[in-house]
Asker: 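One structure, as structure tokens, below. Some questions next.
Atoms considered below: every heavy atom in the structure, side chains included; atoms not considered: hydrogens, waters and symmetry mates. Labels below follow one simple rule: chain letters A, B, ... track the order of the sequence lines, proteins then strands, and each chain is numbered from 1.
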Protein chains: 2
Amino acid sequence: MRCRHSGPLPPLSAPSAAPSFAPLYLQIKALLEKSLEAREWRPGEPIPSEIELASRYQVSQGTVRKAIDALAADNLVVRRQGKGTFVATHTEERTSLPRFLRIRRNEGGDVAPVSRLLDVRRAKAAADVARLLGLKPGDPVLVLKRVLDYAGAPVVLDEITLPAALFRGLTKARYDAYRGSMYGFFESQFGVRMLKAQERIRAVAADAATAEVLGTEVGAPLLAVDRVTLTYGDRPVEVRRGLCVTHGYHYLNDLY
Amino acid sequence: MRCRHSGPLPPLSAPSAAPSFAPLYLQIKALLEKSLEAREWRPGEPIPSEIELASRYQVSQGTVRKAIDALAADNLVVRRQGKGTFVATHTEERTSLPRFLRIRRNEGGDVAPVSRLLDVRRAKAAADVARLLGLKPGDPVLVLKRVLDYAGAPVVLDEITLPAALFRGLTKARYDAYRGSMYGFFESQFGVRMLKAQERIRAVAADAATAEVLGTEVGAPLLAVDRVTLTYGDRPVEVRRGLCVTHGYHYLNDLY
DNA sequence: CAGTGGTCTAGACCACATC
DNA sequence: ATGTGGTCTAGACCACTGG
């Protein structure tokens, strides 16, 4: 169908987003990623069928398949046999647990926690947050405070910092009106998709304000979870610190 | 080459370890897993080439490839282009960081910590440990205490519980004579391969004994990391509790 | 029924490693 | 030169979904 691998071929006809000498399926993957980022298909919607994509990019279905497999492995896309391949979304997480939530009850019976937004305020980015978010110190940010209640009891206190430029019009009222996970809110209301994150976990002693909110004693040991969340192109779009009571709860992690 | 998918075919000629109606490549994968478990090829050694396996199992090379891809995704095997596919091993971890070690320095420059074994003693499994290890309460276990020194300073205090039956002849002297990671030691000396693990993380206050070893104050917040480690067939073979100073260090986790 | 993703095959060729 | 894994194709058929 195409003359291939006779030299590191000019990747397809159009200039590609991928390194020019990458395998074809990775070039296709990069093109699809660009389309996802450009919201050519929206979260929850199906992308075109493998056959259609194969003809669009003038490659075999098997190559498209490998590209989509790679996207699925990255959780950018979800395959559903007989139905199609769908853009991954955070907006369907009301039924199950949010994908990035690692806090569990010690005794089984996992129920999704309830999120209570305490406060939204504007601020200027401090040096450390600015660096993490790729902003300049003093750039405007939004700072959200929220509590996660498990079975009615407060377990996590989050302080979430967002670049104000990406979340224009975010107010407490608007969040309270939304039904679903916070990342579903970000995705559907502001078009910001959280794709992956890195967390650094430490143990700290509760200060007075935190102890008050979480109903613990001052000085009680808490988990401090510092998260940086990335969107397309590994651009950081959220910095968050969670303080977590681990009396009856824990942070779950799988190694393999 | 073979009549395939005309009914849920009798899986290959020999009875398979896999559910009989699984896709062929998963049946092949299960067979390969059985061979790995049976130590037909040893850690670090190459498994037979795709072509040879294809002829051995009477399937196409592409099917063997999918099976091996799945094994590689599970970290049971490592592919090396031009050389072959090798049984994954913990014994080459002296150069880099042990695969299951998530504790990092806050400031870059990751150096592998030094492991100091404090103590090995025999004991009878308590009820909770017995349950986690699939033993009966009172069954013999080994309990190891060890410290991880980062740059000369103690950071992690581990208490490691092992089924005595699987680690006959484990002594402090023998460990001290071994060069390499602890899992490399288990793998090469006792033939026990740690394949995956699940960790539950909590924040606790340092007790006197721990504070002494880690050089912190009594009551200082520590990370408590409870790990259950599994070998083939998801059989648990290690239970471990790590207590970790997070002053200058943290537990790193990637979400995606 | 038609359309989708999932499996399997067979064969060609490429890239890398080793001798 | 040979052998390994890696990529790509083309086509057949299966399994699931929905009209």
Asker: Nearest whole angstrom, please: distance from the P of C/dA10 to the CD of B/Q61.
Answerer: 11 Å
Asker: Could you tell me whether A/D74 and A/K196 have a side-chain N and a carboxylate O separated by less than 4.0 Å?
Answerer: no
Asker: Describe the nucleic acid contact of A/E50 in one word from base, sugar-phosphate, nothing, applying a heavy-atom distance below 4.0 Å.
Answerer: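 Sugar-phosphate, no base atom in range.
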Asker: Ignoring the backbone of B/Q81, work out which of D/dT7, D/dG6, C/dG6 is nearest its side chain.
Answerer: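 Minimum distance to the B/Q81 side chain belongs to D/dG6.
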Asker: Can you give me the closest heavy-atom contact between A/Y251 and A/L223, atom names plus distance?
Answerer: CB-CD2, 3.7 Å
Asker: Atom CG of B/D69 to atom P of C/dC8: distance rounded to whole Å?
Answerer: 13 Å
Asker: Counting only side-chain heavy atoms from C-beta out, which of C/dG5, C/dT9, D/dC8 sits nearest to A/T85?
Answerer: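 Nearest to the side-chain atoms of A/T85, counting from C-beta on, is C/dG5.
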Asker: Measure from the side chain of A/R65, starting at C-beta and using heavy atoms only, and say which of C/dT7, D/dT9, D/dT7 lies closest.
Answerer: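 From the listed options, C/dT7 comes nearest.
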Asker: Provide, to the nearest angstrom, the distance between the CZ atom belonging to B/F86 and the C1' atom belonging to C/dC16.
Answerer: 12 Å
Asker: Give the rounded distance in Å between these two atoms: OH of A/Y57 and P of D/dT9.
Answerer: 14 Å
Asker: For C/dT4, does either OP1 or OP2 sit under 4.0 Å from a side-chain N or O belonging to A/S49?
Answerer: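 Result: yes.
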Asker: Round to the nearest Å and state the distance from A/Q27 atom CD to D/dT7 atom P.
Answerer: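 One finds 12 Å between P of D/dT7 and CD of A/Q27, rounded.
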Asker: Run the salt-bridge test on A/E40 and A/R56 with the 4.0 Å N-O cut-off and return the result as yes or no.
Answerer: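 The answer is yes: the pair qualifies as a salt bridge.
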Asker: Whole angstrom is fine here: how far is it from CD1 in B/I51 over to C1' in C/dA12?
Answerer: 13 Å
Asker: In this structure, how many angstroms lie between the C1' atom of D/dT9 and the CG atom of A/L24, rounded?
Answerer: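 About 11 Å, once rounded to whole Å.
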Asker: Do A/D158 and A/R146 meet the salt-bridge criterion of a basic N to acidic O distance under 4.0 Å?
Answerer: yes
Asker: Hey, is B/E238 close enough to B/R240 for a salt bridge, meaning N to O under 4.0 Å?
Answerer: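 Looking at B/R240 together with B/E238, the answer is yes, because their closest N to O distance falls below 4.0 Å.
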Asker: Atom CZ of B/R79 and atom C1' of C/dA17: how far apart are they, to the nearest Å?
Answerer: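 So the CZ-C1' distance, B/R79 to C/dA17, works out to 16 Å.
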Asker: At under 4.0 Å, does any side-chain N or O of B/K66 touch on OP1 or OP2 of C/dC8?
Answerer: no
Asker: Is A/K83 near enough to D/dG18 that one of its side-chain N or O atoms lies under 4.0 angstrom from OP1 or OP2?
Answerer: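 It does, given that an N or O in the side chain of A/K83 lies less than 4.0 Å from OP1 or OP2 of D/dG18.
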Asker: Kindly indicate whether the side chain of B/R80 and the base of D/dG5 share any N or O donor-acceptor pair separated by less than 3.5 Å?
Answerer: no
